[in-house]
Each structure stands twice: as C-alpha cells, then as structure tokens.
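What follows is a single structure, written as structure tokens, with notes after it.
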Number of protein chains: 2
Amino acid sequence: MYKGVIIDLDGVVWRGEKPLKNNIEAIKKLEKSGLKIIYLSNNATRSRIEYVYKIRRYGLKASEKNVINSAFAAAQYIVENGGSNIFIIGEAGLYYECTKAGLLPVTIGTPAQHVLVGLDRFVTYNKLLYATELIRNGAKFIAANTDKTFPVENRLDPGAGSIVAFLEASTGKKPDAIIGKPNPWILDLALRMNGLSRKDVLIVGDRLDTDILLGINCGADTLLVLTGVNSIEDIEKTGINPKYVAKDLLSFINDYPELFGL
Amino acid sequence: MYKGVIIDLDGVVWRGEKPLKNNIEAIKKLEKSGLKIIYLSNNATRSRIEYVYKIRRYGLKASEKNVINSAFAAAQYIVENGGSNIFIIGEAGLYYECTKAGLLPVTIGTPAQHVLVGLDRFVTYNKLLYATELIRNGAKFIAANTDKTFPVENRLDPGAGSIVAFLEASTGKKPDAIIGKPNPWILDLALRMNGLSRKDVLIVGDRLDTDILLGINCGADTLLVLTGVNSIEDIEKTGINPKYVAKDLLSFINDYPELFGL
C-alpha cells in the first residue's frame, strides 16, 4: 500500500486553464483516505505559492510543503551546495524562490558562484553573454530543468532546455547539475520534506520523458495517465515503460483501491 | 602558381581595430603582381559594404565583388533556392544583404519559407519562438554560420552557433544548410563571382576550424598564419592540418615568391 502519491500538475490536475475533473475527484478521495499528496512540477517560472493558490481553487489541499517545483528545488540545491551570489536566467518565480531560500540574485557585472538557468521569456543576449562569461570563469552551471519545449495550446514553445543548449554551445560545458524531473534530486527533496521514501510512493504523470522516467531512474512505481501529452503508442516509441497505465487517476483507483487503502 | 588568394579578415587583416601590418604589406604586394584578392568572412552581422570601407582604410582595394561574408552568401543561397519571404534572426547587415538580394524580410506573424539565423545581439524569446514555429511548420532552417563563439578582446562571446543550438533544441531539427566556413558553398560563390576555381587559390586564415578546414573540405591549398586565434600546437590538438604554416603572410611570400609569380 502506498503512503503517498507524487502528482504532476500540467496534464494531471489541469491542462492549461482547464481542470481535469476525474483526476481531481480521485485526488480528493486519496486526500480523505489519509495519503500524502505531493505535487511535483518542472516549471521554474512560477513560485510555489502561485501553484498553491491555483491548486486550492480546485478544492484541493496545498501548502508550500507539498507543492514542489524546479524553481524551489534548484534554490534548495544551491543553498545546500554553499551558494551565495547567484546569476539567474529565469522569470519571477525563480528570483522569488532563490531570494526566499537565502540566496542573493545579482545583476550583470557582479561576481556569482552559480548560474541558474530556467525558462526566461525575457532573455537577452547580454544575459546569455554574462552567464557564458561566469561559467567559462568557473561558476557552477545549474539547470532548473532541461525541457526543450513545453506545450502551449497546439504549439510547442521553446523551454529552459533550449536556453541550456545555447549555453552548452557558448561555454563548451554541460550543466553541473540538472534539478528537474527526470533527475532524482527533486523527488528526493520532496520525499524528505514529507517524511517519505522512494518505495512509499506512486508517481502519477502524463509525460514519459519526465514523470515516468523519474520513477524508473529512482526505482519508484509509476502510473501514466492519458490526460496529457503522451499516449499508449508513445510507450513503444520511446521505450519508457510505466508500471501502470490508465485513462485517468479515477479509473485507476477504482480498479486498484487496495493500493491506496480505499 | 596561384591565380588568387582567399583572405580571412579578423586575425589576418586586422585584429579588432588593430591593423596587422605585415599581412597588409604582403597583400599590397600580391595586389601589384596581379593576383585576385578575395576577402572571405564568416561574420553575418555587417553588410559587405561596411567591410569594403574598413578594408580600404588600410590602403587595400575592395569592392562588393571581392568582399564576401556569410550575410551576403546566405542571401544568395536563399535566392538561388527559390526564397521570397524570409524570417531573420540577425543584425543590420543580414537584413541589408537579404533586402539587396531581392528577398523580403518579414516580421513576427507573417508567413516565411526560410528562417535565416546569424548572430543577433538583440535576440528575444519572441523571435526565437516565431522561428521555432516556422521551422516546425516546414520553413527551411538556414544558418549563416555555426561559430559557437567569437573572440572579443580577451573574452569568447556567444556566436551565431549558440543561437543555432537553441533552435536545434526547440525544433528537434538540424539546419537545412550552413553557409559559412568551413562549408564549401561560400567559397564556391566567391570563386564563381571572380572567375576562379578551387585549384587556383590559396586560402589564408588564422583559424583551423573555419579557414583551414574549408580548404581541406574543398581540396584547396591552405596557409595558417599565426597572427590570430590558433597556434602551431593547435594543429596537433585538432588534427586539422594546413598545407603551409607561417608567422605571417609577408614572411610566407618572401619564402615562396614563386607561388605568386613575385
């Protein structure tokens, strides 16, 4: 029986602004049964608190303890690795989480020991130039995530991973750390904050290359729900195999109530 | 005996704003002996005419016929491949050469059959987003050059190749064509415009990975001058072997006057 469920946001709780009702109904049942619900998102542009408010709007329980995104996780990683001055390529949420974590985001020209890269839709050449110079001179190169694109309506827009690709070319270096899914650090942080271990949880997500691969990389159980990006056909195409597949979380907990003590 | 000499600009004729006197003196001697002098630069941010004026300031002969850069060459390539509307990520020189070549540079939102990418120090996310969308929808992806960095004083700044890396990540595609050195197209264009063939010329440059590799790729003779980026030690490191090496062009033509009919 699972003690907790790790839930992706976009494609599981909502798609854009549209709530995914069957998944939300299932999460409410799991909340009532006493399972720990942890929301885990690769998005680094927003602070956790923005997500807390959005999740609560759908009648779900949320706090900064059970809502973890790559902005927060990257800030924690850098703090735990002795960070102080940090040069950020990113948006408001990344600045917020780094500041709250005790780091000092600096502007162009000020020395920094870490360069943290997330999606930045206001990125300029001068920001990339200064990040290049810092990394070439020995600053640690940290990627909040390496998602090359993210879905927006019926388009795929460039993500943090495309900015990381620019900096890999300009510096000749790979990131010293990648924080977001499918890398273990963000999961282990979320588990540690909630008193759980990898074996205690089921990871629920709509993406094979982030959510499901995270579970595989960590030896944690996974459920692919077909309410977002990936379809059953994609499993064969990618070779990334979830433990379970279901059309949504509600049908899954109805089929396997015993896994959740329901 | 050579009929023409292909000369790189930065690192051969000047370094930044500093003229390289021995190389310039040698070029003047070659001009007097009747050899065709062709200047070939990977820089796509300026128009040829900007270079013509700069080259003339050092007392050398220059016109838009013997000064070829990747901005002009890319525009020619696209014209010869049926281009009309073009979306440019680049600076003033790239817009100028495309316009003079008869192409129509369009802004965000207007359909285009080609996306042309050069160094753009004013690049924004919205430009990259629109380029991504066009390329994903079938527009040809043309790189003026893929130089990942370029030397500026004692720094290496991000070049067109870093922007190309971003778009490779965001589109999942490689460029359909790369115009600049070390790719043959720019050399063949320069030769064609001046009535020469690959066997007629000596390529003179300071960079192994562009100038010298161009000669190797095209079966043309090459001379590495040690007045710019690369040193003799770099030859072994890179495995890129020029036919000749000299400290500068003047010492080379003094040692081998017969190659130039001097």
Side-chain angles (χ1 to χ4, degrees), chain A residues 44-45 89-92 108-109 115 117-139 141 143 145-175 178 209 229 237-238, chain B residues 44-45 89-92 108-109 115 117-139 141 143 145-175 178 209 229 237-238:
Chain A
T45 61
I89 294 186
E91 300 187 8
I108 290 172
V115 174
V117 182
L119 172 61
D120 183 349
R121 284 164 292 191
F122 308 99
V123 71
T124 64
Y125 184 83
N126 276 348
K127 281 192 204 179
L128 294 163
L129 170 61
Y130 192 55
T132 298
E133 199 183 337
L134 286 170
I135 294 165
R136 281 190 173 273
N137 289 327
F141 175 13
N145 66 70
T146 50
D147 299 350
K148 288 177 179 169
T149 58
F150 62 100
V152 175
E153 290 154 15
N154 47 9
R155 279 202 321 246
L156 283 176
D157 283 8
S162 294
I163 299 178
V164 169
F166 180 109
L167 290 171
E168 286 178 352
S170 67
T171 63
K173 294 185 183 176
K174 298 277 175 194
I178 302 168
D209 61 352
V229 167
K237 275 186 219 158
T238 60
Chain B
T45 62
I89 293 185
E91 300 188 7
I108 291 172
V115 173
V117 183
L119 171 61
D120 184 348
R121 285 165 291 192
F122 309 99
V123 71
T124 64
Y125 184 82
N126 275 347
K127 281 192 204 179
L128 294 163
L129 171 60
Y130 191 54
T132 299
E133 200 183 338
L134 286 170
I135 294 166
R136 283 191 172 274
N137 289 326
F141 175 11
N145 66 69
T146 50
D147 299 349
K148 288 176 178 169
T149 58
F150 62 99
V152 175
E153 290 153 16
N154 47 9
R155 282 199 323 243
L156 283 175
D157 284 9
S162 295
I163 299 178
V164 169
F166 180 109
L167 290 171
E168 286 178 351
S170 67
T171 64
K173 294 185 184 176
K174 299 279 175 193
I178 302 167
D209 61 352
V229 167
K237 274 187 217 157
T238 60

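Lettering follows sequence order; numbering is per chain, from 1. Below, each value reflects all heavy atoms present in this structure, side chains not excepted, and no hydrogens, waters or symmetry copies.
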Under 4.5 Å from a heavy atom of chain B, the part of [X] involved:
X        : result
A/Asn137 : neither
A/Tyr130 : neither
A/Leu119 : side chain
A/Arg121 : both

If you count heavy-atom pairs under 4.5 Å between each of B/Asp120, B/Thr132, B/Leu129, B/Thr171 and chain A, which one has the most?
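Highest number of pairs under 4.5 Å: B/Leu129.
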
Which one, B/Leu167, B/Thr124, B/Ile163, leads in non-hydrogen pairs under 4.5 Å with chain A?
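Among the listed options, the one with the most contacts to chain A is B/Ile163.
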
Say you draw a straight line from CG of A/Leu128 to CG of B/Asp157; how long is it, rounded to the nearest 0.5 Å?
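It is 11.5 Å, given to the nearest 0.5 Å.
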
Gap separating the CD atom of A/Glu91 from the OH atom of B/Tyr125, nearest 0.5 angstrom
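Going from the CD atom of A/Glu91 to the OH atom of B/Tyr125 covers 8.5 Å.
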
By salt bridge (charged side-chain N to carboxylate O under 4.0 Å, His left out) - contacts of B/Lys173 (at least two apart)
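B/Lys173 satisfies salt bridge (charged side-chain N to carboxylate O under 4.0 Å, His left out) with no other residue.
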
Results of salt bridge (charged side-chain N to carboxylate O under 4.0 Å, His left out) for A/Lys148 - residues two or more places apart only:
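So A/Lys148 forms no salt bridge (charged side-chain N to carboxylate O under 4.0 Å, His left out) with any residue.
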
Heavy atoms only, distances under 4.5 angstrom: which of A/Gly161, A/Pro158, A/Gly172 has the most pairs with chain B? Name it, please.
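Among A/Gly161, A/Pro158, A/Gly172, the one with the most close pairs to chain B is A/Pro158.
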
